[in-house]
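Heavy atoms only: backbone and side chains are in, while hydrogens, waters and symmetry mates are out.
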Amino acid sequence: MLARVRDCGVWALCALFAVPAWAETLPGQTVTLDDGRHEHTLHVEVARTASERARGLMERESLAENAGMLFLYDREQPGSNAYWMYRTRIPLDIAFIGGDGVIRSLRTMPPCHATSSRDCPVYPAGAPFRAALEANAGYFDAHDLAVGDRIDLSAWLAP
């Protein structure tokens with residue numbers, strides 16, 4: 001009986017480490033994007049902590065068509081802050097968003113297949129931001145979303 005319990009404990013411990021932390025998804029919510037003519041809904045995971053933001057969408061094999069990740073910050077970030085695609089396998093668009101919900105800049109980021117993070121390009125925001133929204137590459141163009149359009153962040157950021 002003790003051997004079976006021990007084996008079960010070893011299996012449970014192995015199972016715990018078999019799913020790396022970066023593979024876990026965060027709780028999902030929705031955001032509304034408004035181009036002035038249409039509203040679009042995107043289902044997002046919300047990254048609030050430094051470790052959640054650092055993990056981002058690393059090691060994901062795919063992202064659903066109308067899905068993304070919303071990165072939130074406690075205070076405005078400088079436009080020189082940048083994102084990278086180290087260990088990120090899918091091409092992404094990123095919108096850098098002001099505290100007022102206005103998209104301040106957009107970038108498209110191809111995957112980085114380098115084995116060292118130093119060899120991956122960085123994508124600076126180019127404008128101060130309070131949040132960043134990643135979606136599949138081409139999402140913003142396909143929905144006619146551009147700099148100056150709005151994303152409703154009222155559920156997360158106070159005006």
### Listed once per pair and sorted, the side chain to side chain donor-acceptor pair (under 3.5 Å) pairs that draw on residues 119-143, sequence neighbours left out
none
### Task
Not counting sequence neighbours, list each pair that qualifies as a side chain to side chain donor-acceptor pair (under 3.5 Å) and has a residue in residues 105-118.
Asp93-Thr108
### Query
Can you list the residues that meet the salt bridge (Lys or Arg N to Asp or Glu O under 4.0 Å) rule with Arg37, with sequence neighbours excluded?
Asp35
Min side-chain heavy-atom separation [X]-[Y] under 4.5 Å:
X	Y	result
Leu92	Leu63	yes
Pro78	Pro128	no
Asn66	Thr41	no

#### Entry: ring-ring contact (aromatic ring centres under 6.0 Å, His included) pairs, two or more places apart, involving residues 46-67
none
### Message
Restricting to ring pair (Phe, Tyr, Trp, His ring centres under 6.0 Å), what partner residues turn up for Trp84, sequence neighbours left out?
### Response
Tyr86
### Task
State which residues pass ring pair (Phe, Tyr, Trp, His ring centres under 6.0 Å) with Phe96; sequence neighbours excluded, sorted by chain then number.
Tyr83, Phe129
## Note on the structure
Residues pairing under disulfide bond (SG atoms under 2.5 Å apart) where one sits in residues 61-148, two or more places apart or in two chains, turn out to be Cys112-Cys120
Quick one: side-chain contact (heavy atoms from CB on, under 4.5 Å) partners of [X], sequence neighbours excluded?
X	value
Ala82	Val122, Pro124
Ser51	Thr49
Ala146	Asp149
Glu65	none

[X] and [Y]: which non-hydrogen atoms are nearest, and at how many Å?
X	Y	answer
Asp100	Arg150	O-NH2, 2.6 Å
Ala67	Leu42	N-CD1, 3.5 Å
Leu70	Ala131	CD1-CB, 4.2 Å
Ile97	Leu133	CD1-CB, 3.9 Å
Val147	Leu106	N-CD1, 3.9 Å

### Message
Whether the side chain of Arg53 engages the backbone of Leu72 through a donor-acceptor N/O pair (distance < 3.5 Å, no angle test) should be reported.
### Response
yes
Quick one: pull up [atom1] in [X] and [atom2] in [Y] and give me the separation to the nearest 0.5 Å.
X	Y	atom1	atom2	result
Arg87	Leu57	CZ	CG	13.0 Å
Leu153	Ile151	CG	CD1	6.5 Å
Arg55	Glu52	CZ	CD	6.5 Å

### Task
May I have all residue pairs that pass salt bridge (charged side-chain N to carboxylate O under 4.0 Å, His left out) and include part of residues 66-77, sequence neighbours excluded?
Glu76-Arg104
### Salt bridge present between Arg60 and Glu45 (N-O < 4.0 angstrom)
yes
### Cluster check Ile94, Val102: I/L/V/M/F/W/Y, side chain < 4.5 angstrom
no
